[in-house]
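Heads up, the thing below is written out as structure tokens.
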Amino acid sequence: MNNQLDKAYRIYTVIAAIPYGNVISYGDVARLAGLPRGARLVGWVLKKLPEETQLPWHRVVNAQGKLISHNQQQRQRLLSEGITFKSNGHVDLKLYGWIP
DNA sequence: TTTCTGACAGTTT
DNA sequence: AAAACTGCCAGAA
């Protein structure tokens with residue numbers, strides 16, 4: 001079946017599998033979840049995550065390496081995983097892009 | 001039902 | 001280089 005829960009579930013699975021110390025873009029999450037153009041859906045799903053989720057949502061950044069604006073916590077978590085930032089405050093996707 | 005809005009991306013101006 | 005436009009999917013109004 002192809003209901004929204006299946007799609008959300010596939011997205012969860014992909015995000016849960018992002019290795020420690022790596023980041024991935026929304027578009028790549030969608031692609032790996034079988035939703036080639038579902039980047040916005042990934043954002044929608046992540047927005048709905050509960051506070052206490054164990055999903056490594058902080059490893060998902062946009063295609064420019066920019067973090068979401070509303071959450072300071074993301075940068076902190078990435079730093080604690082050893083991820084470095086460029087002078088413009090973006091993560092370097094070339095270094096940390098996740099190739100499964 | 002139609003329209004608008006996102007924690008986005010890719011292409012075209 | 002930067003802004004605009006288009007595609008995508010689900011939800012809210």
Side-chain angles (χ1 to χ4, degrees):
Chain A
M1 267 308 292
N2 227 16
N3 57 38
Q4 64 268 40
L5 288 182
D6 280 334
K7 293 177 182 175
Y9 181 75
R10 292 206 294 265
I11 290 170
Y12 293 148
T13 307
V14 170
I15 294 175
I18 306 170
Y20 182 97
N22 284 250
V23 295
I24 187 173
S25 73
Y26 289 87
D28 285 343
V29 171
R31 194 167 44 75
L32 292 169
L35 308 163
R37 284 157 212 98
R40 291 191 89 154
L41 183 58
V42 175
W44 176 82
V45 166
L46 262 51
K47 181 171 64 173
K48 290 187 52 186
L49 288 176
E51 285 269 332
E52 66 275 17
T53 185
Q54 301 186 16
L55 222 53
W57 53 266
H58 55 286
R59 299 183 188 138
V60 184
V61 302
N62 77 9
Q64 288 80 44
K66 199 167 81 176
L67 309 183
I68 61 176
S69 47
H70 313 104
N71 206 326
Q72 300 273 31
Q73 215 184 156
Q74 186 174 20
R75 183 187 176 93
Q76 204 50 252
R77 291 194 186 199
L78 293 176
L79 279 171
S80 76
E81 295 192 0
I83 289 173
T84 58
F85 291 78
K86 301 193 269 189
S87 54
N88 61 8
H90 297 189
V91 304
D92 191 345
L93 288 175
K94 287 180 185 167
L95 282 178
Y96 297 108
W98 179 43
I99 293 106

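Convention: sequence-line order gives letters A, B, ...; per-chain numbering from 1.
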Quiz prompt | Value in whole Å for how far the C1' atom of dA12(C) lies from CH2 of W44(A) | solution = 12 Å
Practice problem: Measure the distance from CG on L35(A) to P on dG7(C) and round it to the nearest whole Å. | Solution: 19 Å
Quiz prompt | Contact nearer the 5' end of DNA chain B, comparing S25(A) with R40(A) | solution = R40(A)
Practice problem: Whole angstrom is fine here: how far is it from CG in L32(A) over to P in dA9(B)? | Solution: 13 Å
Quiz item: Heavy-atom distance under 4.5 Å between the side chains of I24(A) and L32(A), does that happen here?
Solution: yes
Quiz item: Where the side chain of L41(A) is defined as all heavy atoms beyond and including C-beta, which of dA9(B), dA7(B), dA10(C) is the nearest nucleotide?
Solution: dA10(C)
Quiz item: Does OP1 or OP2 of dA10(C) have a side-chain N or O of K7(A) closer than 4.0 Å?
Solution: yes
Quiz prompt | Interatomic distance, L93(A) CG vs dG10(B) P [rounded to whole Å] | solution = 11 Å
Quiz item: Crowded around R77(A) CZ? As in, over 12 foreign heavy atoms under 6.0 Å?
Solution: yes
Quiz item: For L49(A) and dG6(B), what is the distance between atoms CG and P respectively, to the nearest whole Å?
Solution: 18 Å
Quiz item: Which part of the nucleic acid, if any, lies within contact of G38(A), taking any heavy atom under 4.0 Å across all strands shown: a base, the sugar-phosphate backbone alone, or nothing?
Solution: nothing
Quiz item: Can you check the H90(A) NE2 to dC8(B) C1' distance for me, whole Å?
Solution: 14 Å
Quiz prompt | d(CD, E51(A); C1', dA7(B)) in whole Å | solution = 14 Å
Quiz item: Which whole-number value in Å describes the distance from R31(A) CZ to dG7(C) P?
Solution: 21 Å
Quiz prompt | For the student: nearest non-hydrogen atoms of R59(A) and L78(A), plus distance | solution = CA-CD2, 4.1 Å
Quiz item: Of all the choices, dC8(B), dG11(C), dA7(B), which nucleotide is nearest to the side chain of K47(A) once you look at every atom?
Solution: dA7(B)
Exercise. State, with a plain yes or no, whether a side-chain heavy atom of V45(A) is found less than 4.5 Å away from one of K7(A).
Key: no
Self-check item: Exceeds 12 heavy-atom contacts within 6.0 angstrom, atom NZ of K86(A)
Solution: yes
Practice problem: Please state the P separation for the pair dT6(C) and dA7(B) - nearest whole angstrom. | Solution: 22 Å
Quiz item: Would you say the base of dG10(B) and the side-chain of R37(A) have a donor-acceptor pair closer than 3.5 Å?
Solution: no
